[in-house]
Participant: 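Quick one: the structure is below, questions incoming.
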Amino acid sequence: MSVGHQVDSDHQLARLLQIGIVLEEVVEARSYHHYQSLDDEPPLDQEIEALLEHAAEESAEHRERLEDLIDQLDAESVPFEQIEALVEAQYGSTEPEDFDDILYDQLCNEETAYKFYDDLVGALRASEASFSIDRDRLIDILVGIREEEAQGVEEVTELMNTRQ
Amino acid sequence: MNTADQYVKAIYLLQQMEDGPASTGALADRLDVSPASANEMIGKLESRGLAEHEKYKGVTLTDEGIVRARDALQTYCIIERFLANVLSVDEFRAEARELEPVIDDLVAERLDTIIDRNPECPDCFDPETDACCHLDVVAEQVEPGEQRAD
């Protein structure tokens with residue numbers, strides 16, 4: 001192994017983008033399940049409901065952007081349906097205990113996604129490799145997604161603060 | 001995972017395999033770096049209080065170094081399990097090493113929520129096969145020199 005190895009091939013990049021899809025799917029599945037669970041709660045919290053709905057929509061949209069990038073790479077990837085089924089199976093069985101749990105979980109998911117994109121952008125900037133996709137466009141798309149994750153973290157944090 | 005983490009992880013595994021200090025040569029081989037580079041990094045690890053080097057014997061991790069190595073190994077183990085068990089990647093060792101520097105422990109922990117967490121991790125990692133023992137595929141023993149990804 002080469003120590004301090006950076007991203008330098010279509011295959012490795014595709015794998016990392018696939019991990020991004022998994023993280024987005026976790027956010028989406030988790031938001032969806034939480035959103036569904038709120039239907040059963042009599043005092044419906046509209047703020048949390050709106051936040052989760054937005055988070056799920058945004059994650060689905062990020063996932064599509066990542067899939068589009070993978071399609072342009074010269075690499076094989078795992079079908080999304082397989083990832084979706086796996087994440088669904090894992091999260092379908094877990095239920096949040098209360099609204100604070102929901103928000104905290106949402107915060108962890110958004111923070112992790114942010115950290116992932118931040119590290120990936122850093123690794124790409126440190127690498128001089130060329131890919132089947134234009135590097136600048138690739139980095140621009142990932143930076144865009146990272147900033148939306150940062151906004152997501154901010155929105156959850158604000159909502160958590162107002163509820164304290 | 002940064003370069004220092006990759007070194008302490010390799011020293012930790014070599015100490016297990018050799019049941020004693022890790023020799024500089026074996027460490028350089030495992031990381032596919034020159035003995036001079038390995039020596040330089042060992043010096044840095046010593047100055048950070050993570051390892052101790054004894055001439056003609058080899059390098060040994062301090063308690064702090066062991067904690068750091070086990071954290072790094074756990075992150076690596078999660079990446080390997082995720083690749084092998086979730087994405088069914090055949091070349092999971094090589095790919096895990098490629099992804100290791102880019103995947104943060106926070107991200108690895110989230111990936112771990114999709115696979116079943118094993119409380120004994122990273123003790124589930126077998127240095128002889130260079131693989132986690134909870135993989136759905138059977139990991140064959142790696143011959144010396146074969147474990148390089150690049």
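By convention in this document, chain letters (A, B, ...) are assigned in the order of the sequence lines, proteins followed by strands, and residues within each chain are numbered from 1.
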Participant: Let me check something: do A:Val27 and A:Tyr117 share a hydrophobic cluster, defined by ILVMFWY side-chain heavy atoms less than 4.5 Å apart, either directly or through other members?
Facilitator: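 Shared cluster, no.
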
Participant: Hey, any chance A:Tyr104 and A:Leu52 share a hydrophobic cluster, counting ILVMFWY side chains that come within less than 4.5 Å of each other, even indirectly?
Facilitator: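 A:Tyr104 clusters together with A:Leu52.
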
Participant: Minimum heavy-atom separation for A:Leu120 to B:Val102, with atom names?
Facilitator: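 For A:Leu120 and B:Val102, the tightest heavy-atom pair comes out as CA-CG1, 4.3 Å.
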
Participant: How about A:Asp74: does its CG atom have over 12 heavy atoms from other parts shown lying under 6.0 Å from it?
Facilitator: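 At most 12 heavy atoms, drawn from other residues, nucleotides or ligands, come within 6.0 Å of this atom.
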
Participant: Please check if A:Val26 and A:Tyr114 belong to a single hydrophobic cluster, counting links between Ile, Leu, Val, Met, Phe, Trp and Tyr side chain heavy atoms closer than 4.5 Å.
Facilitator: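 Shared cluster, no.
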
Participant: If you take all heavy atoms of A:Gln12 and B:Leu99, which pair is closest and at what distance?
Facilitator: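 Closest pair (atom of A:Gln12, atom of B:Leu99, distance): CG-CD2, 4.2 Å.
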
Participant: What's the separation between atom CZ in B:Arg110 and atom NZ in A:Lys115, rounded to the nearest 0.5 Å?
Facilitator: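 Nearest 0.5 Å value for the CZ-NZ distance: 15.5 Å.
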
Participant: Mind checking whether A:Phe116 and B:Ile103 have side chains closer than 4.5 Å, heavy atoms only?
Facilitator: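 A:Phe116 reaches B:Ile103 side chain to side chain.
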
Participant: Measure the spacing between CZ of B:Phe82 and CD of A:Gln18 and express it to the nearest 0.5 Å.
Facilitator: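 Answer for the CZ-CD pair, B:Phe82 versus A:Gln18, is 7.5 Å.
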
Participant: Filter on salt bridge (Lys or Arg N to Asp or Glu O under 4.0 Å), then keep only pairs touching residues 58-73 of chain A, sequence neighbours left out; what's left?
Facilitator: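 Matches after skipping sequence neighbours: A:Glu25-A:Arg63, A:Glu28-A:Arg63, A:Glu61-A:Arg65, A:Arg63-A:Glu67, A:Arg65-A:Glu148.
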
Participant: Identify whether A:Ile19 and B:Leu106 are in the same connected component of the hydrophobic contact network (ILVMFWY, side-chain heavy atoms under 4.5 Å).
Facilitator: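 No.
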
Participant: Would you say the side chain of B:Asp104 lies within less than 4.5 Å of the side chain of A:Thr112, judging by non-hydrogen atoms?
Facilitator: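 The answer is no; the side chains never approach within 4.5 Å.
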
Participant: What distance do B:Glu98 atom CD and A:His11 atom NE2 have between them, rounded to the nearest 0.5 Å?
Facilitator: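 Going from CD on B:Glu98 over to NE2 on A:His11, the span is 6.5 Å.
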
Participant: Only pairs of heavy atoms separated by less than 4.5 Å count here; which of B:Val86, B:Leu87, B:Leu111, B:Leu83 has the most with chain A?
Facilitator: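 If we count pairs closer than 4.5 Å to chain A, B:Leu87 comes out on top.
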
